[in-house]
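Following: one structure in structure tokens, then a few remarks.
Throughout, protein chains are lettered first and strands after them, A, B, ... in sequence-line order, and every chain is numbered starting at 1. As the structure is a prediction and not an experimental result, all values here were calculated from the model.
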Amino acid sequence: MRRSMLFIPGNNPSMIQNAPILGADSIILDLEDAVSIDEKDSARFLVRNALLELDFNGCEKVVRINSINTELGYEDIDVIAKVKPDALLVPKATEDAIKEIDELISTIEGEEGFKLGSIKLIPLIETAFGVEDVFNIVKSSKRVAAVLLGAEDLTADMEIKRTKEGEEIFYARSRIVSACKALKVDAIDTPFTDINDFEGLKRDCQRAKLIGMTGKAAVNPRQIDTINEVFSPSMEDIEWAKRVIAAYDEAQREGKGVFSLDGKMVDAPVLARAKNVLEKAKAIGLIKE
Amino acid sequence: MINAVKRELPEYIEGYGKVKPFIGAYENIGEVKKTSVKIKSVKPGENKVLPSLRDALLKCGIEDGKTLSFHHHLRNGDYVLNMVLEEVAKLGIKDIKVAASSIFPCHAPLVEHIKNGVVTQIYTNYMSGLVAEAVSYGFLKYPAIMHTHGGRARAIESGDLRIDIAFIAAPTCDTYGNINGVEGKSACGSLGYAIPDAMYAERVVAITDNLVDYPACPIEISQEYVDYIVKVDAIGDPKGIVSGTTRITKDPVGLKIAKLAAQLIDESGLLKDGFSFQTGAGGTSLAVAAYVKDIMKRKNIKGSFAAGGITGYIVEMFEEGLFKTLFDVQCFDLKAVESYKNNKAHQGMSASMYGNPHNKGAVVNNLDVMILGATEIDTDFNVNVTTGSNGIIMGGSGGHSDTAAGAKLAIVVTQLTKARLPIIVDRVTTVTTPGETIDAVVTERGIAINPKRKDLLERLKDSNLPIFTIEELKNMAERLTGVPEKIEFDERIVAVVEYRDGTVIDVVRQVR
């Protein structure tokens with residue numbers, strides 16, 4: 001479950017220490033943009049030690065490494081993969097980069113005795129090329145568990161203005177969602193950068209959810225509640241799903257293949273959607289087993 | 001001897017007297033006596049307005065060993081305490097006892113008077129800044145006596161604390177001694193802490209920078225208590241008196257704590273029509289109020305009252321109809337001052353009405369929920385808000401012990417660790433508030449309920465709240481910080497911490 005993925009600067013010990021209690025499903029410890037070039041080494045070791053020592057309270061532990069276009073990216077992988085994060089977030093991901101990182105991690109997993117494939121990859125799609133190639137990027141490694149859209153870099157690359165309404169990224173969002181759904185991985189939406197506009201954040205989450213995004217990155221802990229709320233099944237959804245399952249069970253008992261609820265036919269896709277809603281609700285504790 | 005919170009105390013403390021040990025928060029309540037006061041009555045035609053502070057001191061019979069009292073409504077902007085003591089020093093007077101309801105960093109000049117023997121004893125409910133440091137390092141001749149807000153009122157009313165001259169900083173005063181805090185350039189709102197002083201001091205001097213024609217309106221402290229009036233240029237710095245706005249924290253950890261505290265209040269069953277509530281002016285406390293406000297609005301709950309020091313945020317809740325009335329002992333910001341001035345249901349209360357355990361029922365007794373802070377809390381739920389991690393005095397009870405004792409649910413909200421130190425410890429450095437009056441501790445990593453509150457634990461057992469034992473929370477903190485070394489103290493007692501009933505709950509020893 002990756003409703004909310006919170007970016008935490010990899011060079012800030014107190015923020016790292018408190019990150020696991022803020023309610024995010026995933027914590028992204030950032031070694032890339034949040035860390036200035038003269039702090040890269042110390043941040044890398046701080047994040048390494050945090051992964052070794054801190055109780056992450058069940059949060060997914062993700063580390064955004066530097067690009068492997070520089071030596072920094074390789075050093076990050078070498079140090080971080082050895083302490084087994086749940087996933088690495090790969091900036092400006094390309095198919096070649098994902099394949100190369102996959103191999104590097106496989107070697108480390110072998111050396112360290114970790115289960116092969118246990119460290120996942122999350123490509124960060126933030127170039128026009130990345131958007132156009134997203135299907136191949138996801139397909140290039142079995143480690144890929146989700147895709148994160150990085151709209152700030154993407155719009156810079158495309159030389160277009162980034163807006164709160166986000167019409168300019170509609171295509172990118174849709175393309176990523178389509179590839180992710182096709183390959184059964186999570187599609188994580190770009191952060192909303194105005195950290196004091198909670199109404200705007202909510203609308204942005206709703207737009208992303210409407211077209212199939214499954215979660216959203218957060219750049220401030222105060223955004224987590226809103227993101228979690230939008231990307232969790234609503235109580236109405238849960239009630240509907242329970243009724244679908246109840247009607248299905250009844251139809252099974254009566255030997256009916258097809259049945260209807262509230263005058264609408266319930267077929268396999270509707271049933272699957274209902275099951276999916278209940279699974280999500282269970283996973284986040286909205287309903288008990 | 002050992003008191004009820006397991007503190008070892010001497011039988012007698014030089015400069016304080018015989019020690020009455022703390023025996024339990026509710027053990028020392030019942031029949032009590034109030035003291036009588038010797039006053040000087042006024043003939044028709046007498047003029048109360050004097051040309052200078054010096055004249056007032058002389059008229060009041062200032063001499064060595066007198067006890068002078070001050071209120072702290074002008075907070076860190078107060079000029080009055082410093083100007084009075086400067087004049088006292090100029091007169092060559094020594095051995096003065098200062099009974100100031102609180103002492104702030106702005107009172108740093110008091111340190112010189114302590115060193116020169118002009119001031120040899122302090123009674124206060126809270127002190128921070130250089131005076132607190134000077135006391136901690138042993139410069140004061142006799143131990144400071146630290147009260148609670150309600151306990152100070154009790155001490156004055158019982159005669160335990162006898163005030164010779166009360167100096168009342170008056171934002172507005174008329175020529176016959178009627179005082180209010182809502183008009184004038186130094187307006188600070190309610191004058192609740194000054195009321196016991198005015199009623200029980202032998203002499204009362206109003207010091208004002210807004211002398212108005214008789215009669216002033218409204219009247220909070222009336223002419224029947226005031227002997228003399230002195231006009232000065234300024235009684236305080238408005239910037240330090242009240243802050244422009246009080247803000248909710250943006251710190252995500254503070255917000256997490258606040259949200260958990262609000263959920264606990266909701267689950268406790270107390271958040272229903274008729275709800276009463278008090279919280280401090282700190283960012284996290286205000287955030288609790290904000291989350292409580294959301295719940296009240298969502299569930300359409302109409303509260304009864306909010307009390308204590310009043311902030312603009314609480315005023316907003318009141319104006320939105322979430323509380324029927326406010327009980328205000330002190331205004332924390334300009335919005336609160338405005339509301340106190342203009343709204344009849346925003347009522348003032350004296351320190352005694354607020355928290356005195358020895359009157360016929362204080363407002364704290366009617367509180368449902370109180371939100372409190374802590375510098376340290378121990379596994380017996382005893383709270384320290386008196387000394388810091390270095391053993392130096394940096395606060396005091398204020399209303400902490402009073403509200404904890406009165407409220408049905410007293411919640412301490414605190415980060416589990418601060419500045420790499422664990423906040424939950426085996427034994428607090430100084431006990432300010434006894435654990436028997438604390439019901440819950442809320443931290444960012446979980447909640448601990450006092451095991452004495454079996455009813456609350458039972459009620460919460462099916463909730464989704466992250467409930468741990470206090471020992472489990474302590475272990476979580478120590479896992480992050482390690483166990484700090486103990487602070488070393490000398491034997492000498494520099495402050496006596498009195499519980500609200502006048503018994504001794506702890507002492508503070510001189511730091512090395």
Contacts satisfying side-chain hydrogen bond (donor to acceptor under 3.5 Å, both in side chains) that involve residues 261-273 of chain B (not counting sequence neighbours) are B:Asp266-B:Lys299
- Give the intermediate values and the outcome of salt bridge (Lys or Arg N to Asp or Glu O under 4.0 Å) for residues B:Asp378 and B:Arg427. CA-CA 5 Å; B:Asp378 67 26; B:Arg427 185 179 156 89; over 6 Å; no
Between A:Lys242 and A:Asp249, is the closest basic N to carboxylate O distance under 4.0 Å? no
Can A:Arg2 and A:Asp186 be counted as an ion pair, charged N to O under 4.0 angstrom?
yes
- Query: Backbone N or O of A:Ser118 within a donor-acceptor pair of the A:Glu109 side chain at under 3.5 Å?
  - Reply: yes
Bottom line for B:Lys259: the part with an atom under 4.5 Å from chain A's heavy atoms is side chain
Can you find a side-chain donor-acceptor pair between A:Ser4 and A:Asn228 that sits under 3.5 Å?
yes
**Message:** So that I can tick it off, tell me whether B:Lys335 and B:Glu338 are bridged by a salt bridge, with the cut-off set at under 4.0 angstrom between side-chain N and carboxylate O.
**Reply:** no
Cut-off 4.5 Å, heavy atoms of chain B, and the answer for A:Asp225 is side chain
Filtered by a 4.5 Å non-hydrogen cutoff, the part of residues 476-485 of chain B contacting chain A is B:Arg479, B:Leu480
